[in-house]
Structures are given as structure tokens and as C-alpha cells.
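A, B, ... follow the sequence lines: proteins, then strands. Residue 1 opens every chain.
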Amino acid sequence: MPAGQEAGQASGTAKDSATVAVFASDASWIESDALVQCHQVAALDGMVHVAAMPDLHPGKGAPIGAAMASTVLYPFLVGSDIGCGIAVFPLRLGRVVPDRLAARFPDLDRPLDPGNETDAPAFDAVGDDIPAGHLEGLGTVGRGNHFVELARVDTVEEPGHAGRLGLAAGDVVLLVHSGSRGLGERILREHTAAHGAGPAPDPAAYLAAHDAAVRWGALNRRLLAARVAHALGAELAEPIVDQCHNLVEVRDGTYLHRKGAAPGDGRDVLVAGTRGTRSYLVAAHAGARANYSVAHGAGRKMSRADALRRGRAKHTVDELRRTPVGSLVVCGDRQLLFEEAPTAYKRVEQVIGDLVAHDLATPVATTLPLVTYKTPDRAAPHRRDRRAGMTGRSSRGRPTGWRPA
DNA sequence: ATGTAC
């Protein structure tokens, strides 16, 4: 079916089903499985309205890239990574040499320990009030699409707005995409064990646990930023953007479930591209038809299994570790390297174009990756890369094939 | 996306 703005309401909504609005142009390909999932969600008891974002793709049982308003609270619509979000931290650095910075990244798979002296700087910067007292996995980035990225502000589309955020072209920022790790997973698992995909019988009890996971996710992003800033010798500032795209919010007498959809009601949101492409900082102004939400990223265009199979035929590991924009990817996990390849995602410009076309957001600035960190690189590639002349790199610290995207 | 089982 066409995925134009009116398509959802014009097509396929059964009589007692909620409305579905898809905020994507006809030119934006959306996997039909994801649209089927939207209509399955629309048929749930109590569902009022489903807004699908242009980065919509199929998830486990529920679509990713959707905001779903219902009089009934369904924990499975938010999923296990309650509190997942993206934060942007300004960072002041001296000389920016991606290879050297990549080599200095700390091991963000190792949990922080409040009793360990080496971890004191992170807690000193952020505090040690840990929601739910949950220490497991604290300060770790996780897997999947999570990342920590050093990026440079590239274009500035709205100088006044960017200026108010303290951003100018050339500035270095740290993007942190992570969530509540095992805590949110445990909350969903406990609900599912008793009630499956059914509603929360005690919404207040679920919301209390959920709210702690949301706070934990925000704290975790700050701890991750503090670890990186400390390792790179940079001072940590408060995030200029930090929006959570997996959560449920009580609004207009309904439970507004966001799954891979960021709050778009007058807030600034970082819409993540891929590690090989730009990301967009946007000023969001989405209304009721969009369930007050905007896209959270480029959106997968193929499954992890497909990305792995096709990526192995198409890319070498070295290609994936040094991107066409000259940035580095720190990822010691080969499978993850293929699963998260830029080619597994839609073009973020198309997603942003759809948000603009539907008047959901206005681009403020774009960022280009310098170093995207996923998981420690045990192969220690940086040593090899220092031999500039032997690896096809120019003396300027960029691959010879570098082009400005 | 996750911890855990295979």
C-alpha cells in the first residue's frame, strides 16, 4: 500500500480498530510486515491511535518506530529496553585525530563499580544515586544498535537555534545511544511471565518500575559520557539533548507508548543516522496525529540476519571499520559489524525529508561521525593503522579515498 | 536488545 500521510486512515482500518497514520512519503519504502504490525496493534483492546514514523520497521511482536496511544497499558509495546534514548554532550577536545581518539576509548563493556577507585571520576561527575539500586551493567553501552560516537557538527541549518544550544559548525559532540540494559529487560520479563502480551493489571505498579528504568537509562548515558570524557581528557558538560524513545507516558487520559519514537512535542531530538553517515539534530513540533512523536533514527531496511548474509558478500571487515566519511568504527564483534553496517539502514536524509514534509520537525544541525564505538576492539587495529604510508592513508589522517559525503 | 542456554 502507499505510505502517504493519509494512507493509514484511508486504508484497511477495521470498524472497531484504532486509526493508523503513516508519516512517510510514497517514495519511502516501508516493510509491509511493519505495516501489518501497526494494524495488529491498532486492533488491540483500548487502542486509540497509532502513528508510524518514517523509520518504521518490524520488531518482535510490535513495530519499531511507532507511537501508540491506548486506554490500556501494554508493556510489550515498549519492549525490554525501557528508557533507551539518545543524548548529545558537548565536548571540548584538543587535536582531533580519529585514530588516536579511537585507541583511547575505555572498555564500555566493563560495568562500573562504585567501590572501585578507578571508577570514581565517572560517579564524581554524575552522582551515585542509582535508580532501583540496580548496579548490574551500570555504565555499559550494550549491543544491538547502541553506540557511543564522537562526532563533529557539520552543517548548521538553524543558526539561531543551534546558537542557543551552544553549537557551531566544527564543534565536537559525543552522541550516546543506550538504555536500561538488564533492568528494563527484567521488568518486561516479569510482566510477560505472568501476563504475556496482555495489559498491565496494575498500571501504577508497572509505571513505578518503568520510571526507574527510564531514570536509569538517562543516568547510564551520563555515566557513559563521563567515562569517555575522562578517558579522552575532556571536560563533561550537561547534555544539550537527551530524549528517550522507548517509554510509556500518560497523556490526554491515554497511555502513549513510544517504541523507537522520540517525544516530538516542542523538544530537540537527535535523529541518529548510521556510523557512516550524518545524524540530524532537529527541533520537533509534532502534533496529535503523530502522537506528539518523531523518528528516532534512520531505521533498519533489512533484518540482522539479512545484513549479516548480504554484508559478508558485499563488504570486507576493513571497509566497515573505516567509513566513507573517514570515521572509525571500534567494534571487536565481527557479526555486529555486519549487522550494523550503514547499508543495513535507510538513508537518514529520506527519513528527515519525511519529517519535514509532514511538518513534524525542522533540522537544526547535522553531525558527521569521527569515531563510533560499539564494543572493544581486541584486534588492536590502531597500531597497524599508525603506519600511515602503508595503509593507503594520506598524511592528513584521512583515507585517500576520503570525500565529503 | 537482552541474559542465558546451547
For atom CG of A:L336 and atom P of B:dT2, their distance in whole Å | 10 Å
Can you check the A:E339 CD to B:dT2 C1' distance for me, whole Å?
-> 13 Å
Atom-pair distance (CH2 on A:W216; C1' on B:dA1), nearest Å | 13 Å
Rounded distance [0.5 Å steps], CZ in A:R92 versus CG in A:L236 = 12.5 Å
Nucleotide B:dA1, atom C1' - distance to CG of A:L247 in whole Å = 16 Å
Expressed in angstrom and rounded to an integer, what is the separation of A:I187 atom CD1 from B:dG3 atom P?
-> 13 Å
Side chains of A:P201 and A:H191: closer than 4.5 Å at any heavy-atom pair?
-> yes
Could you check whether the rings of A:H177 and A:H146 sit parallel, tilted or perpendicular, using 30° and 60° as the cut-offs?
-> tilted
Please check if atom NE2 in A:H134 has more than 12 non-hydrogen atoms from other residues, nucleotides or ligands closer than 6.0 Å.
-> yes
Contact class for A:R186 (heavy atom, under 4.0 Å): base, sugar-phosphate, or nothing?
-> nothing
Separation of A:E136 atom CD from B:dG3 atom C1', in whole Å?
-> 8 Å
Check whether any side-chain nitrogen or oxygen of A:R143 sits under 4.0 Å from OP1 or OP2 of B:dG3, and answer yes or no.
-> no
In whole angstrom, give the distance that lies between atom NZ of A:K60 and atom P of B:dA1.
-> 11 Å
Give the rounded distance in Å between these two atoms: CZ of A:F76 and P of B:dT2.
-> 20 Å
